[in-house]
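Here's the structure, in structure tokens; my notes come after.
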Amino acid sequence: MFSRLREDIQSVFDRDPAARTSWEVLTCYPGVHAIALHRLAHWLWTRRLSWLGRFVSHLGRFFTGIEIHPGATIGRRMFIDHGMGVVIGETAVIGDDVTLYHGVTLGGTSWNKGKRHPTLEDGVVIGAGAQVLGPLTVGASAKVGSNAVVVKDVPAGATAVGNPARIIDNEQAQKREEMAGQLGFSAYALAGNQDDPLAKAIHGLLDHAAEADRRFELLIKKLEEAGVHVNGDLNVADPFDAQYLSKIVD
């Protein structure tokens with residue numbers, strides 16, 4: 001029990017730069033308290049002391065704001081950052097070194113008995129407010145962006161964003177995610193490439209304007225090569241920077 005507690009405390013230091021001392025983590029981190037209480041509740045649950053397990057789970061919810069069903073299976077070194085509003089269902093299975101941010105739901109989509117909650121493999125990161133629903137599997141080291149709604153399996157190492165969640169699989173999107181990773185995983189904000197129709201329309205107009213600008217420059221170059229000089233007849237304008245405007249839209 002104490003070795004697991006030491007692992008939990010160390011996992012906080014590994015993933016939260018705000019942590020200062022072991023005493024602070026032990027006394028002031030609700031995620032650590034919720035995991036410790038869940039271990040007790042799960043131990044009671046597996047020994048058919050169902051009511052007592054649920055009662056310990058209820059106490060954990062009351063004191064931490066984190067609701068973990070005593071039937072859920074949780075691996076080692078799980079870190080729940082902030083934690084308020086986290087809900088983990090009865091048949092959820094969580095591997096080692098998993099990170100959950102606040103407002104995450106590992107929920108079910110059916111009232112039928114049996115496996116109805118997600119399985120998170122080792123090293124998964126779930127961003128704030130994300131909803132992972134149903135008996136699906138999120139593969140090892142995968143990431144789920146904030147406020148995503150996941151209803152299908154996520155492959156190992158992939159990143160899922162949006163509602164409903166989709167897998168980021170193109171090169172430009174991967175580069176954006178790598179840059180986000182350098183700045184810190186986007187656990188608190190919507191991803192920049194969400195399916196916002198207004199943003200998509202503006203991006204389309206910007207791309208069209210950039211292409212028109214490129215064609216005008218090419219046309220002027222061809223005219224000058226043919227001996228027709230038009231620079232003196234053109235109004236001077238600031239250069240058009242489509243990439244800068246795209247960043248403003250995002």
Side-chain angles (χ1 to χ4, degrees), residues 1-16 19 25 29-46 53 57 60 64 66-83 85-110 114-146 148-161 165 167-168 177 181 184-187:
M1 180 180 70
F2 290 105
S3 64
R4 288 290 186 92
L5 185 58
R6 282 193 293 269
E7 279 189 347
D8 292 338
I9 292 173
Q10 185 57 48
S11 71
V12 174
F13 284 110
D14 292 340
R15 285 173 264 180
D16 186 2
V25 172
Y29 273 68
V32 174
H33 305 156
I35 296 297
L37 286 169
H38 171 72
R39 289 203 184 102
L40 174 58
H42 185 69
W43 185 88
L44 294 168
W45 182 267
T46 55
S57 173
T64 67
I66 299 169
E67 182 172 343
I68 307 176
H69 192 284
T73 301
I74 296 179
R76 304 174 74 162
R77 298 177 298 278
M78 186 171 86
F79 176 43
I80 304 177
D81 195 8
H82 300 294
V86 167
V87 177
I88 300 175
E90 177 186 4
T91 61
V93 178
I94 300 175
D96 298 335
D97 302 301
V98 170
T99 302
L100 305 181
Y101 287 83
H102 55 273
V104 167
T105 300
L106 305 182
T109 57
S110 170
K115 176 66 171 168
R116 59 191 187 278
H117 298 98
T119 296
L120 310 185
E121 295 183 349
D122 297 349
V124 168
V125 180
I126 309 292
Q131 312 293 301
V132 186
L133 307 175
L136 55 86
T137 298
V138 180
S141 300
K143 293 182 178 180
V144 175
S146 62
V149 179
V150 181
V151 292
K152 295 181 180 179
D153 291 348
V154 178
T159 298
V161 298
I167 306 302
I168 296 176
E177 287 302 314
F185 177 64
S186 56

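Excluded from the calculations below are hydrogen atoms, water molecules and symmetry mates; all remaining heavy atoms, backbone and side chain alike, are included.
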Quiz item: Looking only at heavy atoms, which two atoms of Ala19 and Val12 are closest? And how far apart?
Solution: CB-CG1, 3.9 Å
Quiz item: About how many Å separate OG of Ser11 and CD1 of Ile35, when rounded to the nearest 0.5 Å?
Solution: 8.5 Å
Quiz item: Can you tell me if Asp16 and Tyr29 form a side-chain donor-acceptor pair at under 3.5 Å?
Solution: yes
Practice problem: First locate atom CD1 of Ile80, then atom CD1 of Ile126, and finally report the distance between them rounded to the nearest 0.5 Å. | Solution: 12.0 Å
Quiz item: Can you find a pair of side-chain heavy atoms, one from Thr73 and one from Ile94, that are under 4.5 Å apart?
Solution: no
Practice problem: Spell out, as yes or no, whether a donor-acceptor pair under 3.5 Å connects the side chain of Thr91 to the backbone of Arg116. | Solution: yes
Quiz item: If we only count heavy atoms from C-beta on, is the Val98 to Ile74 side-chain gap below 4.5 Å?
Solution: no
Self-check item: Sub-4.5 Å side-chain heavy-atom contact between Val87 and Gln131
Solution: no
Quiz item: Distance from His82 atom NE2 to His102 atom NE2, nearest 0.5 Å?
Solution: 6.5 Å
Quiz prompt | 4.5 Å side-chain heavy-atom contact, Ile167 and Pro155 | solution = yes
Practice problem: Using modelled atom types only, decide if a donor and an acceptor are shared between the side chain of Ser57 and the backbone of Ile68 within a distance under 3.5 Å. | Solution: yes
Quiz item: Does some side-chain heavy atom of Gln10 sit less than 4.5 Å from a side-chain heavy atom of Glu7?
Solution: no
Practice problem: Keeping the roles fixed (side chain from His117, backbone from Val93), state whether a donor-acceptor pair exists under 3.5 Å. | Solution: no
Exercise. Check for a donor-acceptor pair, side chain of Thr137 on one end and backbone N or O of Gly139 on the other, with a separation under 3.5 Å.
Key: no
Exercise. State which residue, out of Lys143, Arg15, Arg77, fulfils the side-chain hydrogen bond (donor to acceptor under 3.5 Å, both in side chains) condition with Thr99.
Key: Arg15
Practice problem: May I ask you to test the Val132-Leu136 pair for a side-chain heavy-atom distance under 4.5 Å? | Solution: yes
Exercise. For a side-chain contact (heavy atoms from CB on, under 4.5 Å) with Val150, tell me which candidate from Val144, Leu133, Leu106 qualifies.
Key: Val144
Quiz item: Is the side chain of Asp122 donor-acceptor paired with the backbone N or O of Ala140 at a distance under 3.5 Å, no angle test?
Solution: no
Quiz item: Quick one: does His38's side chain have a donor or acceptor within less than 3.5 Å of a partner on Ala72's backbone?
Solution: yes
Quiz item: Of Ile88, Asp81, Val125, which is the lone residue that meets side-chain contact (heavy atoms from CB on, under 4.5 Å) with Leu100?
Solution: Ile88
Quiz item: For Arg4, does its backbone N or O pair with a side-chain atom of Arg6 as donor and acceptor, under 3.5 Å?
Solution: no
Quiz item: Is the backbone of Pro70 close enough, under 3.5 Å, to the side chain of His42 for a donor and an acceptor to pair up by distance?
Solution: yes
Quiz prompt | Donor-acceptor contact below 3.5 Å, side chain Glu121 vs main chain Thr119 | solution = no
